[in-house]
Protein chains: 2
Amino acid sequence: MDMKLICTQTELNTHLSLVNRAIPSRPSHPVLANVLLVVDADTQQVSLTGFDLSLGVQTSFAAQVEQGGTLTLPARLLSDIVSRLPSGEIVLGEEEGETLVTLTCASGRYQVRGMGATEYPELPTIEDGDVVYLPVEALTEGLRGSLFSTSSDETKPVLTGVHITVEADSLEFAATDGHRLAVVQTILESIDPQDKKQDKKSANSSIQFDVTVPAKALRELERMLQINTTGEAIAVRFDRGQLIFEWANQRLTSRLLEGQYPNYRQLIPRQFSRQLTVDRRFFTSALERIAVLADQKNSIVKMNLDSVKQEAVLSVDAQDVGSGRETIVAQISGEDLDIAFNVKYLLEGLKAFNTTEVQMQFNTATSPSILTPLGGLKMTYLVMPVQVRGN
Amino acid sequence: MDMKLICTQTELNTHLSLVNRAIPSRPSHPVLANVLLVVDADTQQVSLTGFDLSLGVQTSFAAQVEQGGTLTLPARLLSDIVSRLPSGEIVLGEEEGETLVTLTCASGRYQVRGMGATEYPELPTIEDGDVVYLPVEALTEGLRGSLFSTSSDETKPVLTGVHITVEADSLEFAATDGHRLAVVQTILESIDPQDKKQDKKSANSSIQFDVTVPAKALRELERMLQINTTGEAIAVRFDRGQLIFEWANQRLTSRLLEGQYPNYRQLIPRQFSRQLTVDRRFFTSALERIAVLADQKNSIVKMNLDSVKQEAVLSVDAQDVGSGRETIVAQISGEDLDIAFNVKYLLEGLKAFNTTEVQMQFNTATSPSILTPLGGLKMTYLVMPVQVRGN
């Protein structure tokens, strides 16, 4: 008898949709358009794998396995059918001697032609590499605060990823596209993976590394972490060229980006001569309105800081189209300043914050400014100002 | 002093978004990218107009008008700014001698450059034409049941519209793309537009006409009727080439499509030798699953009617990919039949129905079948079967 199992529609559907995201839309080899099913009679588990040779996702779930087996099936087709099946039991059986799988549910029968598993590439595994355990929350915060600043320009590959630095007791995420830089620091409280209690003596403390991980894989990780509610720490294994995130019954693997990541810490000024503190939502709404006109031209918003009036004026001039100005009340210290920014960069940063207030610090109209959320995660968002002619 | 008015952000925003849909994305003349504002100090009303030379939308609302005036402003830009303004009062004022409008709200000021209204084309008006009053519900049902069957093939313009026939006491909507035909009939109870009571003696009874209206305009009408909850009957005026729908403070105008509409009534068989009655949702879900595989090939679903077992088998064979079959319990009369359809046409019809049960009637595998909702609106949906080779 060939592979046969019984599972619920809900379970199969959920896990298929997870691996589906790692299935390439234009596979370099036909078998990569398929999902790999490994069905184990001993453990009564089904493991699903999707792999685009850079990003790999593996997930497993319990099923009633009558006969184990290994094969691959067209991922999108299978997922499209299974997602439309009525909830209830599904029987999945392989026809003898053929890579043809029959799905049987209450109302009907479907046959889907697969391919043997022999050609399916193995997901990277790391046996001897170091392992570090990261709390879900620290990882989630770091990704949220950095991913949006990665570059989409493939000619500078290293900038299309997030640079992650793990040190004895800290975890740092950095991303830059050359115009702005986002850095998130979190305290890495050591975790004993066995009993999941905080334990300062854990193995983590001896491990230091820094890697650059493609944004695409990290966006997928972010999505998977949102669904994963076990709260279990994420095991991160790495060696040259590969990184593996592992938790519960899920695993995400990604190749690493090669090349020297810019020494970004030296870009962040240590001192500032001017400072503004403002309500984040109010600032964001005003910038969004200004952006409507700014988008008509060069996306530039001008800021004028007035420490006497304790207000900042945001303005835009899109000559033939129109102009706009918004006045926002703020706490301002330092001399008055006229400075200009790409409004998109400001907005993207403000949206990654989740605090009521935000602080913005400046030196001159030509030196980098930084935005920080007040009282939230430890995040530094550096934006280069834009130089505008006269006026 | 030039034009000046005070209104609420909510009101201006709502009405701008209505006319925006009639603003062409690629205007043949620059002024058509603008919305026409007619501000009347006597009536304290603001009227907004959008017009793409085929479809026109006009809407008006009350405002505190200090000085009347007429001008045009860039529609999308204005709408993008106004939709982001905080709720509350907005002052709209024209700068003296310039087509420059200043919007002032609590937090800021925006200036938008417009154009004079002289170049703006007039919306079609019909002074002497006939007028008929249609109940909102009848119009909504008719559109819902027919619009999806219109053709998108611009080489047969008349098929890109819905054919509407008004007779003494009936209203009929028809749409066909050559492969399927949807016909909705509603009783036209006469309405006295003055007191909105039913009145058999109304002027409606003497009016007969039939026109073909572009689907684009009718989709817009459908959307506007969903928002309009006054329940007021819709006045329809028409003369050669133009149709106007009017209610409350809104008006939609559309050019008509020229050319002879097919004599569709003769296509609908009067008698059938086979009949199937089935639960609509169950039938739809089964077809949606079959469609996943059918879409891989030629979109064909085969149906087998078995009057002894009282079941219909739906099946698909997408050779290299896979196959599927669904069995649905149904009330079946007449001899057994093997017939095939384009699954998309069946699904689109079933989705336009809103009844629990649906009836499908057949003669032979090569003659047209019809679907009708049981106990809902009076709708006939004709679908041509597809001929499949042997097997």
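Treat the numbers as computed from the prediction; the structure is a model and nothing was measured. The basis for the numbers below is simple: all heavy atoms, side chains too, and nothing from hydrogens, waters or symmetry mates. Convention: sequence-line order gives letters A, B, ...; per-chain numbering from 1.
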Distance check, rounded to the nearest 0.5 Å: B/Ile339 atom CD1 versus B/Met303 atom CE?
8.0 Å
B/Phe148 to B/Ala352 - nearest heavy-atom pair and separation:
CE2-CB, 3.4 Å
Is any side-chain heavy atom of B/Leu293 closer than 4.5 Å to one of A/Ile81?
yes
Between B/Leu85 and chain A, which part of the residue has a heavy atom less than 4.5 Å away: side chain, backbone, both or neither?
both
For B/Leu276 versus B/Ala312, what's the shortest heavy-atom pair and its separation?
CD1-CB, 3.8 Å
Note, B/Leu92 side chain near B/Ile90 side chain (heavy atom, < 4.5 Å):
yes
Given heavy-atom pairs under 4.5 angstrom as the criterion, report whether the side chain, backbone, both or neither of A/Ile290 touches chain B.
both
Would you please test A/Leu37 and A/Leu73 for side chain to side chain contact (heavy atoms under 4.5 Å, CB included) and show each step?
CA-CA 8 Å; A/Leu37 281 88; A/Leu73 290 172; 4.0 Å; yes
Check: every donor-acceptor pair under 3.5 Å linking chain A and chain B:
residue, atom, partner, partner atom, Å
A/Arg84, O, B/Arg289, NH1, 2.9
A/Ser107, O, B/Thr327, N, 3.0
A/Ser107, OG, B/Arg289, NH2, 3.0
A/Ser107, OG, B/Glu326, OE1, 2.6
A/Arg109, N, B/Arg325, O, 2.9
A/Arg109, O, B/Arg325, N, 2.8
A/Tyr110, OH, B/Glu326, OE2, 2.5
A/Gln111, N, B/Ser323, O, 2.6
A/Gln111, O, B/Ser323, N, 2.7
A/Arg113, N, B/Val321, O, 2.8
A/Arg289, NH1, B/Arg84, O, 3.0
A/Arg289, NH2, B/Ser107, OG, 3.0
A/Val321, O, B/Arg113, N, 2.8
A/Ser323, N, B/Gln111, O, 2.7
A/Ser323, O, B/Gln111, N, 2.6
A/Arg325, N, B/Arg109, O, 2.8
A/Arg325, O, B/Arg109, N, 2.9
A/Glu326, OE1, B/Ser107, OG, 2.6
A/Glu326, OE2, B/Tyr110, OH, 2.5
A/Thr327, N, B/Ser107, O, 3.0

Answer whether the closest heavy-atom distance between the side chains of A/Val388 and A/Ile300 falls below 4.5 Å.
yes
Greatest number of heavy atom pairs closer than 4.5 Å to chain B - which of A/Cys105, A/Gly114, A/Pro86, A/Ala286:
A/Pro86
